[in-house]
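Below: one structure, written as structure tokens.
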Amino acid sequence: MPVEEFVAGWISGALGLVMGYPFDTVKVRLQTQNTYRGIVDCMVKIYRHESIRGFFKGMSFPVASIAVVNSVLFGVYSNTLQALTATSHQDRRAQLPSYTHIFIAGCTGGFLQAYSLAPFDLIKVRLQNQTESRVRPGSPAPLYRGPVHCAATILREEGPRGLFRGSGALMLRDTPTLGLYFITYEALCYQYTPAGQQPSSATVLVAGGFAGIASWVTATPFDVVKARMQMGGVKRRAYAGMLDCVVTSFRQEGLGVFFRGFTINSARAFPVNAVTFLSYEHLLRTWG
């Protein structure tokens with residue numbers, strides 16, 4: 001069911017995105033700005049200065065685009081695993097594929113997702129970093145008026161390559177970590193599901209949640225570098241490259257800078273990925 005895999009990935013991705021977006025905004029601010037003392041301070045300042053809408057800046061664009069890219073991840077993963085094992089999604093529940101096959105399929109989906117995602121994720125991060133308040137009279141106008149204006153401005157001022165800032169770090173973040181992501185999910189589902197049965201909703205929720213946390217353990221350092229490179233070019237903060245970003249960040253802020261946002265990422269990862277996998281599995285069973 002190649003088409004169903006992609007559609008289920010899109011719908012489940014959209015649900016997870018909407019659920020976790022406010023936390024993602026806080027995470028991005030913590031990783032790219034030095035004006036916050038921590039998660040609570042960041043949340044309070046966003047709410048006071050920008051109202052509740054500040055947590056949802058740029059969300060309409062990701063729902064329409066990044067959720068589609070999520071379908072690439074799930075669709076490519078499932079179809080790659082099917083090609084490697086010659087078994088369908090339902091058949092794999094009876095016999096867990098080798099971890100090597102799962103990892104290869106997850107990495108393949110992560111790699112293709114990263115380069116499909118790069119321009120959309122960059123625009124999301126740029127919009128999330130706009131701290132101007134739209135609810136206070138006299139506040140300065142934001143640099144970008146919306147996703148289309150953001151894309152047009154980047155193309156005009158930074159060229160086509162500007163839309164792919166941070167894509168290398170995004171690829172390094174998603175390729176191995178999504179291999180780990182699917183290994184954790186498939187292993188937990190297999191471990192706690194009786195032979196010959198499909199995993200229960202509770203099992204899927206727990207397995208999906210822990211898969212999300214496991215992936216962010218390794219993804220966070222690359223996520224920080226990615227976000228900082230994506231903000232390069234704004235107010236002359238460009239880095240010469242990924243290595244320059246790593247070295248400069250380390251020299252100025254120490255090793256801890258590469259784990260900014262890890263706590264909120266982990267807190268967000270469990271419910272978001274639990275809902276993502278539950279909706280994904282439910283849709284495939286309904287259509288199957």
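Count residues from 1 along the sequence. Please read all numbers here as calculations on a predicted model, not as lab measurements.
At a cut-off of 3.5 Å, with distance as the only test, a side-chain donor of Ser98 or His101 sits close to an acceptor on the other residue.
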From CA spacing to verdict: side chain to side chain contact (heavy atoms under 4.5 Å, CB included), Leu172, Met242: CA-CA 11 Å; Leu172 289 174; Met242 194 188 314; 3.6 Å; yes
Stepwise side chain to side chain contact (heavy atoms under 4.5 Å, CB included) test for Trp10 and Tyr280: CA-CA 9 Å; Trp10 180 85; Tyr280 177 73; over 6 Å; no
Worked check of side chain to side chain contact (heavy atoms under 4.5 Å, CB included) between Val204 and Tyr185: CA-CA 8 Å; Val204 171; Tyr185 174 73; 3.7 Å; yes
Residues Phe210, Phe277; criterion ring pair (Phe, Tyr, Trp, His ring centres under 6.0 Å); working and verdict: CA-CA 11 Å; Phe210 277 109; Phe277 271 109; over 10 Å; no
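In this structure, Asn79 contributes its side chain and Gly75 its backbone to a donor-acceptor pair below 3.5 Å.
Residue pairs satisfying the side-chain hydrogen bond (donor to acceptor under 3.5 Å, both in side chains) criterion with at least one member in residues 104-115, sequence neighbours excluded, are listed as follows: Gln113-Asp174.
Hydrophobic clustering of Ile, Leu, Val, Met, Phe, Trp and Tyr side chains at less than 4.5 Å, counting indirect connections, unites Val18 with Phe56. Grouping the Ile, Leu, Val, Met, Phe, Trp and Tyr side chains by contacts below 4.5 angstrom, directly or via other members, places Val224 apart from Met171. Hydrophobic cluster membership differs between Leu188 and Tyr190, with clusters built from Ile, Leu, Val, Met, Phe, Trp and Tyr side chains linked at under 4.5 angstrom. No single ILVMFWY cluster, assembled from side-chain heavy atoms under 4.5 Å apart, contains both Val148 and Val125. Clustering ILVMFWY residues whenever any of their side-chain heavy atoms sit less than 4.5 angstrom apart, transitively, puts Val26 in the very cluster that holds Leu17.
Side-chain contact check for Tyr192 versus Pro199: every heavy-atom pair is 4.5 Å or farther apart. Annotation: side chain of Ser215 is not in contact with side chain of Thr184 (no heavy-atom distance under 4.5 Å). Looking at Tyr181 and Asn273, their side chains come closer than 4.5 Å, going by heavy atoms from C-beta outward. Side chains of Asn265 and Thr220 form a contact here, defined as non-hydrogen atoms less than 4.5 Å apart.
Atom CZ of Phe55 has more than 12 heavy atoms from other residues, nucleotides or ligands within 6.0 Å. Shown here is Phe23, whose CZ atom has no more than 12 heavy atoms of other residues, nucleotides or ligands within 6.0 Å. Atom CE of Met43 is surrounded by 12 or fewer heavy atoms from other residues, nucleotides or ligands within 6.0 Å.
Here Arg37 pairs with Asp41 under the salt bridge (charged side-chain N to carboxylate O under 4.0 Å, His left out) rule; sequence neighbours left out. Thr276 pairs by the side-chain hydrogen bond (donor to acceptor under 3.5 Å, both in side chains) definition with nothing, not counting sequence neighbours.
Taking 4.0 Å as the cut-off between side-chain N and carboxylate O, Arg29 and Glu50 count as a salt-bridged pair. Between Arg126 and Glu158, at least one side-chain N (NZ, or NE/NH1/NH2) sits under 4.0 Å from a carboxylate O, which counts as a salt bridge.
Once rounded to the nearest 0.5 Å, the distance linking NZ of Lys124 with SG of Cys150 reads 12.0 Å.
When each of Asp223, Asn34, Thr32 is checked for a side-chain hydrogen bond (donor to acceptor under 3.5 Å, both in side chains) with Arg260, only Asn34 meets the rule.
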